[in-house]
Amino acid sequence: MGETPDKYEILQDLMRRRGFAWGSFEIYGGSRGFYDYGPLGATIKRKIERKIREAFQREGFFELETPDITPEKVFIASGHVEKFVDPLVECKKCGARFRADHIVEEALGIDTEGMSAEHLTELIREHGIKCPECGGELGEVWYFNLMFETKIGPYGDQKGYLRPETAQGIFVNFKRLNAFARNKLPFGVFQIGKAYRNEISPRQGMLRLREFTQAEAEIFFNPKEIEHPHFDEVKDEKLRLYPIEHQLKNLGEIELTAEEAVKKGYIMNTFFAYYMVMVKRILLDIGIPEDKIRFRQQLPEERAHYSRDTWDAEIHSERFGWVECVGVANRGDYDLSRHMRESGTDLTVLIHYDEPRIVKHLKVSLNMKRVGPKLKKDAKRINELIQSWDEEKLRNLVEVLERDGRITIEGYELERDDFIIKEVEEKITGEKIVPHVLEPSFGIDRPFYLLLESSLVIEEDRTYLRLKKDMAPIEVAVLPLVAKEPLTSIAYEVFRKLQKKGFIAVYDEKDTVGRRYMRYDEIGTPYCVTIDNQSLEDNTVTIRDRDTREQTRVSIEELPEKLRELIFGE
RNA sequence: GCGGUGGUAGUCUAGCCUGGUCCAGGACACCGGCCUCCCAAGCCGGUAACCCGGGUUCGAAUCCCGGCCACCGCACCA
């Protein structure tokens, strides 16, 4: 795949050796699916998180922080207990494992969506479905849930899970967040934190972890208002899309502006498109090259149980191909509706009409004075039943009464005078809706790896990380040309000055200067400041550029400002 | 989880087949010192390893079994 076959090994080695990242728990033999961030890696990871946080904040989103450990009820409501599972079946003969639903679907051509393990087992027995590998007999189907279980409290009576996504922490707080937003849609809330998935078989280094970091934003909006007010600001941004039908018909990717994508129906609305552009811009800001970013629309069978439509931002890896890094999902009202049902809490938002509407409608109730003695205990129940009827049903009732003078409800014959019928006028100021949710969900660990991979440059005489300058974990190295006084003292002072100005800086006098340049090139330090004999005469130093190796001379006085401009473009 | 291959200092590796001469050799890196006024690999010195557990044997880096981890393929990846 890559032009340099061992680039991945070189990067893995570099990451371990220079303190970026490595497999966790090494001294005890390691554990798959867990990675440690070393000093330089942790710094880059924080910088990625910071870029995402700042981008969300620029949109006016609120940040939130909620627990990793979550009571079971939350995930029963969210559907994760039921749906975040794979039905597995094992061949009794060769031990191979398969997705039971896939096997049944393939053999019988039926939809197995939502089937129980027992049902699947039954179908396999009935139809004599055999192991696709060796033709052996298949065992019982069992569900494997990908969430880590835990017990809350000393008695182990409350079951909990480590959250498989940070999103639920936002949904369960919707009522408070909506109050905070003063009942005004749309608004966005984000959380940056850990999530956990007990992957059956983690592979591919840092790309499939059992514990990982997400930055998820949930944007709550009125499904009737799907034009983004600031779409104009992003409409000309080019997007590289790989829509469903292009995947199915092998038509390849298309590139068009956000505006065209909406007009031609590839993206459902400007609201969705706006956030896709936002995601792209964040990835660019982190330093992912534009030509390595595309949006692929998930096929229906790939989508999560809560998703109506999902576009993944994928980043191309020389090693692993296209890697899903950000999901932009339309979750509809799935989560809020489910939490509303399970918790009994009202999670609707009142949408005010421009002007209050006067609505005439029928109000029908039992005349309790009359029917009480007749219906006894059932009077109240039937009255409530009638109250729950909609306008159309009530009109039918009245019609029958006017015509026949009587009607039978639940076995009781009731007369016209048993009812109180009123035409009332009601002033309606608005409508309660369950907001819909658009979710841009960033993985942090994957872009971290892909940033390093795409930054790695292997040249004849050096290997270095051409990181975006403001992403470098060490921003500037201060080097006396040789380790001799007074160069060392001056260099140290310059170093301290830069540190105090807020740069992530190091001082280094060890080894020849060329060797030191290589050392800092390798970890992506964009600039080395060198103090030489001329510095003694005129208080100037040189700034050496990582990518071009060119040097320019500036006064010590101007150095911090100059570096700030070079690194942060300010 | 299945099958294959592998696991020796920070990294790459020699040794393993043919057990003892290996308190494990080399290179690079790292640390201390010397030299050095601009792009790694000059000199001197130093630190540092047989994945874990069990077995066979007088004796195991070496042979056998189990585990863990890595890589590849299959399966899995809401």
Side-chain angles (χ1 to χ4, degrees), chain A residues 6 8-10 12-19 22-34 38 75 78-91 93-103 113 131-134 143-147 164-165 197-205 207-210 298 300-307 310 319 323-324 327 329 331 441 459-464 479-484 487 509-522 528-536 541-542 544-546 548-551 553:
Chain A
D6 54 349
Y8 177 76
E9 314 308 324
I10 290 171
Q12 287 291 331
D13 175 41
L14 173 61
M15 280 174 31
R16 278 194 297 266
R17 201 162 37 79
R18 299 305 308 270
W22 51 77
S24 300
F25 315 117
E26 274 183 327
I27 66 166
Y28 289 106
S31 181
R32 283 201 292 180
F34 298 96
F75 296 123
S78 71
H80 284 88
V81 168
E82 186 195 346
K83 302 278 189 162
F84 198 53
V85 291
D86 289 330
L88 296 181
V89 63
E90 191 172 273
C91 170
K93 194 172 152 201
C94 71
R97 282 187 179 176
F98 307 93
R99 280 282 293 267
D101 52 341
H102 290 181
I103 281 197
E113 182 72 29
C131 170
E133 288 285 309
C134 72
Y143 271 104
F144 177 73
N145 192 299
L146 266 32
M147 290 191 290
E165 57 170 1
R197 295 175 189 184
N198 199 3
E199 297 286 354
I200 295 170
S201 175
R203 281 280 175 89
Q204 309 176 319
L207 296 188
R208 260 178 76 204
L209 298 176
R210 289 186 162 125
Q298 284 190 1
E301 61 267 30
E302 290 181 282
R303 292 202 288 259
H305 62 270
Y306 50 72
S307 167
T310 297
R319 166 82 181 188
V323 178
E324 170 192 344
R331 295 179 77 132
S441 171
E459 288 177 353
E460 291 256 327
D461 62 338
R462 63 168 178 166
T463 293
Y464 69 109
L479 320 171
L481 192 58
V482 293
K484 281 239 166 71
L487 296 183
E509 60 174 43
K510 194 68 194 155
D511 297 309
T512 64
V513 75
R515 197 177 178 87
R516 279 176 279 165
Y517 289 148
M518 296 303 145
R519 194 140 73 213
Y520 293 100
D521 287 350
E522 194 183 32
C528 289
V529 169
T530 308
I531 287 77
D532 56 19
N533 274 335
Q534 194 182 326
S535 308
L536 306 177
V541 294
T542 61
R544 178 234 184 224
D545 184 285
R546 174 194 67 201
T548 63
R549 307 192 199 193
E550 276 163 15
Q551 289 178 293
R553 194 164 272 278

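The analysis underlying the following values was restricted to heavy atoms, covering all of them including side chains, and did not include hydrogens, waters or symmetry mates. Letters A, B, ... are given to chains in the order of the sequence lines, protein chains preceding strands, and every chain is numbered from 1.
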Inset, instruction - Provide the closest heavy-atom pair for A:Arg210 versus A:Glu199 in the form atom of the first, atom of the second, distance. - result: NH2-O, 2.8 Å
Legend entry - Short side-chain N/O contact from A:Arg319 to OP1 or OP2 of B:C72, under 4.0 Å: yes
Please write out the pairs of protein N or O atoms and N or O atoms of nucleotides 30-35 of chain B separated by less than 3.5 Å, giving the distance to one decimal.
from  : atom 1 : to       : atom 2 : distance (Å)
B:C30 : OP2    : A:Arg515 : NH2    : 3.3

Legend entry - N-O pairing of A:Asp521 and A:Arg546 below 4.0 Å: no
Inset, instruction - Please confirm whether any donor atom in the side chain of A:Arg516 sits under 3.5 Å from an acceptor in the base of B:C39, or the reverse. - result: no
Legend entry - Ionic contact status for A:Asp13 with A:Arg18, cut-off 4.0 Å: no
Legend entry - Separation between the C1' atoms of B:C68 and B:G54, rounded to whole Å: 15 Å
Inset, instruction - Taking only the side-chain nitrogens and oxygens of A:Arg544, find out if one of them lies under 4.0 Å from OP1 or OP2 of B:C38. - result: no
Legend entry - Main-chain N/O of A:Val81 paired to A:Asn145 side chain as donor or acceptor, under 3.5 Å: yes
Legend entry - Side chain of A:Arg208 (C-beta onward), nearest among B:C38, B:C76, B:C69: B:C76
Inset, instruction - Determine the interatomic distance between C1' on B:C30 and the same-named atom on B:A9; round to the nearest Å. - result: 11 Å
Legend entry - 5′-ward residue of the pair A:Asp545/A:Arg17 relative to RNA chain B: A:Arg17
Inset, instruction - Just name whichever nucleotide pairs with B:G32, Watson-Crick or G-U, keeping both distances under 3.5 Å, else none. - result: B:C44
Inset, instruction - Describe the nucleic acid contact of A:Arg462 in one word from base, sugar-phosphate, nothing, applying a heavy-atom distance below 4.0 Å. - result: nothing
Inset, instruction - Considering only atom P, compute the distance from B:G3 to B:C17 and round it to an integer number of Å. - result: 26 Å
Inset, instruction - Taking only the side-chain heavy atoms of A:Arg32 (C-beta and beyond), determine which of B:C38, B:C69, B:C39 contains the nearest atom. - result: B:C69
Legend entry - Any donor-acceptor N/O pair under 3.5 Å between B:C69 base and A:Glu26 side chain: no
Inset, instruction - Would you classify A:Asp13 as touching base, sugar-phosphate or nothing, given that sugar-phosphate means primed atoms plus P, OP1 and OP2, and contacts are heavy atoms under 4.0 Å? - result: sugar-phosphate
Legend entry - Cationic N near anionic O, under 4.0 Å, A:Arg331 to A:Glu165: yes
Inset, instruction - Check every strand shown and say whether A:Asp461 touches a base, only sugar-phosphate, or nothing at a heavy-atom separation below 4.0 Å. - result: base
Inset, instruction - Kindly write out the residues that satisfy side-chain contact (heavy atoms from CB on, under 4.5 Å) with A:Asp511, not counting sequence neighbours, or none if the list is empty. - result: A:Arg515, A:Arg519
Legend entry - Over-ring placement of A:Arg544 relative to A:Tyr517, 6.0 Å and 45° cut-offs: yes
